[in-house]
Amino acid sequence: MKRTVAFSGLVATAGLLAAGLAAPAQAADSIPTDVLAGTPYAANQVAQFWLGEARAKLIGATPYNVETKAVAKHVSKGGPAPDSKPGVVPAIGDEKKAVAKSKNVNLPKTTGKVFFLGADGEAHWCSATSVQANYRNLVATAGHCVYDTGKNAHVLDKWVFIPGYYQGKTPWGIYVGKQAFTHYDFDVYEDGDRDYAFVTVYNGVSLNGASEVTEAEYAKYAANVRDVKSYDFKTEAELKAFLKDNPKASNKSTKTTDTTYEVDKTKVVAKGTEHSTLNESATVAEFLSFNKGKKGTEPGGFAEGTGFTETQINRDEYKGYKDSYTSEDGKTLYFKTGEGDKKKYFKRTFWVNYGFKATTKEVWTYKAERYFALALQDVGRLGDNVGGQGLAYNQKVGKPVYVFGYPSGSHPDGNHAFSGHTLKWTYGKTFPVQVAAIKGEELVGTKSSFTGEGAIGSSWLVNYNNGRRLGYLNGVTIGVSDTDGNNRYDTSFSPYFDGELYGVYSAAKNLWSGKIV
């Protein structure tokens with residue numbers, strides 16, 4: 001699924017020729033591009049997202065394992081081939097220097113991790129590297145570490161690059177992705193032969209503590225990077241003094257109506273009235289005080305809020321000779337009705353439901369709030385801080401490469417060889433492979449024990465200079481394979497870097513990003 005692209009304007013320098021590599025050619029091609037964070041404000045929010053909550057989302061992120069494991073087939077005939085003359089772009093700082101061979105390996109500062117939210121909405125990471133660009137603001141990684149093949153969306157959300165990342169530490173700052181570039185065949189067909197991407201990034205930022213903001217400014221910050229502190233005061237004078245000393249604070253005092261209720265034994269109200277008090281053992285005198293002109297023996301007609309309970313008794317329980325009398329404790333009224341053999345005897349106990357007196361007054365609660373948000377400071381351009389690898393394309397297959405990345409996860413046999421916490425490397429020559437599962441017809445492989453999780457996006461460097469820790473990017477890991485069937489990954493594979501890749505790179509290399517703070 002490759003297309004032929006024309007090139008022109010071949011230029012070489014003495015230093016590059018000394019390295020055995022030709023100078024870059026210019027591609028003429030149509031390059032798909034997508035915005036990651038289109039404005040400094042949007043980029044600011046992304047940086048806050050990752051740096052907030054004591055970097056919990058960075059620390060909790062897991063390696064991205066989408067499309068990392070496939071069967072790579074060695075091919076003895078055919079394989080990738082240059083589509084024009086070989087070319088290179090020198091690394092930052094190596095523009096006029098020859099590249100010398102080195103035996104010992106000092107790890108490059110340019111390599112780091114890219115963090116993003118995956119199709120599952122969770123935080124993940126891949127490996128990536130800084131590369132040469134006019135504004136020193138370019139990152140290279142695997143295409144599916146930028147473009148969301150999981151849910152067929154355009155780009156992964158909240159994309160950032162952190163060189164030298166280690167367990168929440170961001171030694172050279174965090175760089176928010178601004179614009180992503182890939183090949184048309186990957187964007188449309190998810191062609192594994194074009195599974196690479198270049199991303200321009202804003203100037204890096206780091207935390208500069210928390211700064212106080214106004215309430216209106218506070219509302220614009222992401223929830224995980226802001227904090228509010230409350231203060232209570234006994235008097236209005238104390239509050240005013242505080243607000244004078246803290247002009248960004250807000251007055252959050254409140255006025256409430258405080259109502260208290262007391263029993264009012266001078267009136268009665270219906271049962272069930274709120275705040276009323278029921279006296280279920282009222283004396284006869286208390287009952288009659290609300291029923292003037294009554295004796296208490298009437299069958300009804302008593303004031304609302306008063307009442308009785310009546311029980312018929314026998315003659316032996318009736319202790320008096322009068323028509324009615326009150327018990328010694330004053331709470332029971334005995335009475336009789338009828339004449340002769342038709343006499344009946346009764347006793348009554350009484351209740352009254354007292355009303356209440358409501359007393360209302362205004363009560364002030366004096367309170368203020370101060371608002372804080374993470375303060376970000378600009379730390380400069382990516383390439384100025386960590387350098388940038390050069391780029392080599394249309395190179396012969398069979399060259400030795402160093403692969404630098406953050407492998408994690410397990411081999412098929414369960415061996416957990418790598419933690420993903422530290423930068424690792426392998427070294428070997430490239431050879432042609434094919435991976436049908438990802439439409440990879442013209443890929444290159446190299447012997448590597450890297451497991452797939454976390455290693456995706458690892459940088460493949462040719463002519464790596466140990467002293468300057470710089471070389472030429474000539475591949476990015478897009479998957480790993482167990483080619484000999486022993487349940488151990490033994491091969492990493494990458495798209496072949498040809499002139500069409502240089503066309504994608506050329507579309508990104510001259511774009512300015514700017515600052516976010």
Side-chain angles (χ1 to χ4, degrees), residues 215 227-243 249-370:
E215 184 176 7
D227 185 33
V228 60
K229 294 183 179 180
S230 298
Y231 303 84
D232 296 311
F233 306 94
K234 293 181 180 180
T235 66
E236 185 178 12
E238 290 178 349
L239 169 67
K240 288 182 176 180
F242 178 84
L243 293 175
S250 290
N251 184 349
K252 291 295 180 179
S253 300
T254 57
K255 181 178 70 173
T256 58
T257 301
D258 185 18
T259 303
T260 57
Y261 302 91
E262 297 178 85
V263 177
D264 184 356
K265 291 188 175 183
T266 66
K267 63 179 181 180
V268 290
V269 294
K271 275 186 177 181
T273 301
E274 189 176 9
H275 304 299
S276 62
T277 301
L278 178 62
N279 181 3
E280 295 184 289
S281 58
T283 64
V284 177
E286 288 172 327
F287 174 80
L288 294 177
S289 69
F290 298 104
N291 290 278
K292 301 296 185 181
K294 301 285 188 178
K295 297 180 179 179
T297 60
E298 293 86 352
F302 298 116
E304 184 180 35
T306 66
F308 61 86
T309 301
E310 180 179 281
T311 304
Q312 187 172 350
I313 60 177
N314 58 40
R315 177 65 184 83
D316 292 337
E317 291 181 80
Y318 196 79
K319 303 300 183 180
Y321 297 96
K322 297 181 180 179
D323 290 339
S324 66
Y325 67 92
T326 301
S327 63
E328 290 185 4
D329 62 6
K331 294 183 178 181
T332 305
L333 177 64
Y334 294 86
F335 65 95
K336 58 184 178 180
T337 62
E339 298 291 339
D341 295 336
K342 294 183 179 182
K343 286 183 179 178
K344 293 182 179 180
Y345 303 89
F346 301 91
K347 67 177 181 179
R348 284 182 178 178
T349 56
F350 300 91
W351 58 266
V352 295
N353 192 43
Y354 290 120
F356 55 87
K357 288 188 284 189
T359 303
T360 301
K361 63 179 180 179
E362 291 180 347
V363 178
W364 279 90
T365 298
Y366 298 108
K367 185 177 181 179
E369 289 181 349
R370 296 174 68 193

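- The number of heavy atoms from other shown groups lying within 6.0 Å of NZ (Lys265) does not exceed 12.
- For the atom pair OG (Ser250) and CZ (Arg370), the distance works out to 11.5 Å, reported to the nearest 0.5 Å.
- Note on residues 333-345: pairs passing side-chain hydrogen bond (donor to acceptor under 3.5 Å, both in side chains), not counting sequence neighbours, are Arg315-Tyr345.
- Inter-residue side-chain proximity for Lys229 and Asp227 is flagged as met; some heavy-atom pair is nearer than 4.5 Å.
- When atom types are taken as modelled, the side chain of Asn314 and the backbone of Glu317 share a donor-acceptor pair closer than 3.5 angstrom.
- Val352 pairs in a side-chain contact (heavy atoms from CB on, under 4.5 Å) with only one of the listed residues (Val269, Asn291, Asn279, Thr283), which is Asn279.
- Considering only residues two or more places apart in sequence or on other chains, Phe335 meets the ring-ring contact (aromatic ring centres under 6.0 Å, His included) condition with Phe346.
- No side-chain heavy atom of Ser253 sits less than 4.5 Å from a side-chain heavy atom of Thr365.
- A distance of 12.0 Å separates OH of Tyr366 from CZ of Phe233, quoted to the nearest 0.5 Å.
- The environment of Glu280 atom CD is sparse: at most 12 non-hydrogen atoms of other residues, nucleotides or ligands sit within 6.0 angstrom.
- Between atom OG1 of residue Thr235 and atom CH2 of residue Trp364 there is a gap of 13.5 Å, rounded to the nearest 0.5 Å.
- The backbone N or O of Gly296 sits less than 3.5 Å from a side-chain atom of Glu298, completing a donor-acceptor pair.
- Closest heavy-atom contact between Lys295 and Leu333: O-CD2, 3.8 Å.
- Nearest approach of Ser327 to Lys331, heavy atoms of both residues: OG-N, 3.4 Å.
- Inter-residue side-chain proximity for Lys271 and Trp351 is flagged as met; some heavy-atom pair is nearer than 4.5 Å.
- Every residue meeting the ring-ring contact (aromatic ring centres under 6.0 Å, His included) condition with Phe308, not counting sequence neighbours, appears here in chain and number order: Phe302.
- Side-chain atoms of Tyr318 and Tyr325, non-hydrogen and from C-beta on, do get closer than 4.5 Å to each other.
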- Message: Lys357 vs Glu262, test: salt bridge (charged side-chain N to carboxylate O under 4.0 Å, His left out). Steps then yes/no.
- Response: CA-CA 5 Å; Lys357 288 188 284 189; Glu262 297 178 85; 5.6 Å; no
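- A salt bridge links Lys252 with Glu215; the closest basic N to acidic carboxylate O contact falls under 4.0 Å.
- Side-chain atoms of Lys319 come within 3.5 Å of backbone N or O of Asp316 as a donor-acceptor pair.
- Asn353 places a side-chain N or O within donor-acceptor distance of the main-chain N or O of Ala270, the cut-off being under 3.5 Å.
- Interatomic distance, Ser281 OG to Glu286 CD, rounded to the nearest 0.5 Å: 8.0 Å.
- Note that the NZ atom of Lys367 and the CD atom of Glu369 stand 5.5 Å from one another [nearest 0.5 Å].
- Within the 3.5 Å criterion, the main-chain N or O of Lys234 finds a donor-acceptor partner in the side chain of Glu238.
- Contact of the Val363 side chain with the Thr257 side chain is not registered, since no non-hydrogen atoms from C-beta on lie closer than 4.5 Å.
- Residues Phe290 and Glu304 have side chains not in contact (no heavy-atom distance under 4.5 Å, counting atoms from C-beta outward).
- Within the 4.5 Å cutoff, the side chain of Thr359 has no heavy atoms near those of the Thr259 side chain.
- We find the OG-CZ distance between Ser324 and Arg348 to be 10.5 Å, quoted to the nearest 0.5 Å.
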